[in-house]
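See below for the structure under consideration.
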Amino acid sequence: MCGRYTVTSPADAARELEAAIDPAAPQSEWWKARFNVAPTQPAPVVIVKANTRVLELMRWGLVPFWGTKPGARSPLMINARVESLNAKAIFRDALERKRCLVPADGFFEWANKTPLYIHPRDRRVVAFAGLWARAGELHSFTIITGKPNALVAPIHDRMPIVLEKSAWAAWLDPANADPKALLGIPAVGDWIAEQVSTRVNKHANDDAECIAPIT
């Protein structure tokens, strides 16, 4: 699964993904470096509007269209299993019409309660495959997970699907009739896993100490 991740250079992420900033969004939220993004918090995602990539803040944890109705109790869908995308209506519909890129530069997993920060060695911006939904005025998203690569497999049996940069446009293209073909097991490449402080365990902690390696 993916329960915490980072996007420590939002401005770099916007440039890398060539995403326009939604002028209606509060700038204080856009440019804050995030060292410990947690479920239900707002985080940036990239969608396509009028043939333009747009960066928007959305709630992490997909909420179905009925999820904001009085008395509704929707599940906290922070992840969508790639194997289940065609089985669940909300994922199937989003896969067809509401795909997004989730900018990131690493994610966390825990091995025997020890937090590990998994990231490209050069801390470059990457994009997780995501889906989004609209429930009234609420916009939310989920991160697609799949089988782990050789780096993550000893740590966890799932990992977020990291899209190759060459696949970003195809993933966002509404005319793409087979987006699942892009969702393979991410290559290990130059990614590493570093032990970090248990400070990351508390979602209220969101600073550079969360990703400082313990040697």
Side-chain angles (χ1 to χ4, degrees), residues 1-19 30-39 41 43-46 53 55 60 78-82 99-130 141-172 181-203 205-215:
M1 67 178 288
C2 177
R4 301 286 178 85
Y5 71 96
T6 64
V7 52
T8 63
S9 302
D12 290 344
R15 286 192 293 267
E16 185 70 16
L17 281 84
E18 298 178 346
W30 283 121
W31 303 114
K32 179 182 178 182
R34 300 298 310 279
F35 299 92
N36 189 14
V37 182
Q41 294 179 349
V45 300
V46 176
R53 292 183 186 179
L55 190 68
W60 184 17
I78 64 171
N79 293 158
R81 296 173 67 94
V82 67
R99 300 187 292 272
C100 64
L101 300 174
V102 182
D105 46 28
F107 64 97
F108 298 96
E109 278 299 349
W110 282 257
N112 297 321
K113 298 184 179 180
T114 298
L116 300 171
Y117 182 45
I118 303 167
H119 62 91
R121 190 177 295 275
D122 62 1
R123 302 288 179 88
R124 67 182 177 277
V125 174
V126 300
F128 299 150
F141 73 96
T142 188
I143 294 171
I144 300 174
T145 65
K147 293 181 179 180
N149 59 26
L151 174 65
V152 179
I155 305 166
H156 201 279
D157 62 357
R158 311 284 303 175
M159 70 175 292
I161 292 182
V162 183
L163 292 169
E164 294 288 341
K165 189 173 183 180
S166 59
W168 292 357
W171 177 250
L172 291 174
L182 303 172
L183 303 178
I185 298 175
V188 173
D190 65 342
W191 284 61
I192 58 175
E194 295 181 306
Q195 182 180 345
V196 292
S197 168
T198 54
R199 181 175 175 77
V200 73
N201 292 356
K202 294 184 178 181
H203 64 79
N205 295 331
D206 188 3
D207 53 45
E209 291 184 29
C210 291
I211 63 171
I214 295 177
T215 57

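Each residue takes its place number in the sequence, starting with 1.
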Legend entry - Check: Asn36 main-chain N/O paired with Asp206 side-chain donor or acceptor under 3.5 Å: yes
Inset, instruction - Taking all heavy atoms of Pro160 and all of Pro186, pick out the closest pair and write down the distance. - result: O-CG, 3.8 Å
Inset, instruction - Assign the ring pair Tyr5 / Phe128 to parallel, tilted or perpendicular, where the plane angle (0 to 90°) is split at 30° and 60°. - result: perpendicular
Legend entry - Side-chain (Trp171) to main-chain (Cys100) donor-acceptor, under 3.5 angstrom: yes
Legend entry - Main-chain N/O of Thr8 paired with Asp105 side-chain donor or acceptor, under 3.5 Å: yes
Legend entry - Sidechain N-carboxylate O distance under 4.0 Å for Arg124, Glu16: no
Inset, instruction - May I ask you to decide if Ala38's main-chain N or O and Gln41's side chain share a donor-acceptor pair within less than 3.5 Å? - result: yes
Inset, instruction - Check whether any side-chain N or O of Arg158 sits under 3.5 Å from a backbone N or O of Cys2 as a donor-acceptor pair, and report yes or no. - result: no
Legend entry - Pair Arg199 + Asp207: basic N to acidic O under 4.0 Å: yes
Inset, instruction - Please examine the side chains of Trp168 and Arg53, heavy atoms only from C-beta on, and report whether any two atoms are closer than 4.5 Å. - result: yes
Inset, instruction - Report yes or no: do Trp191 and Asn149 form a side-chain donor-acceptor pair below 3.5 Å? - result: no
Inset, instruction - May I ask you to decide if Gly3's main-chain N or O and Asn79's side chain share a donor-acceptor pair within less than 3.5 Å? - result: no
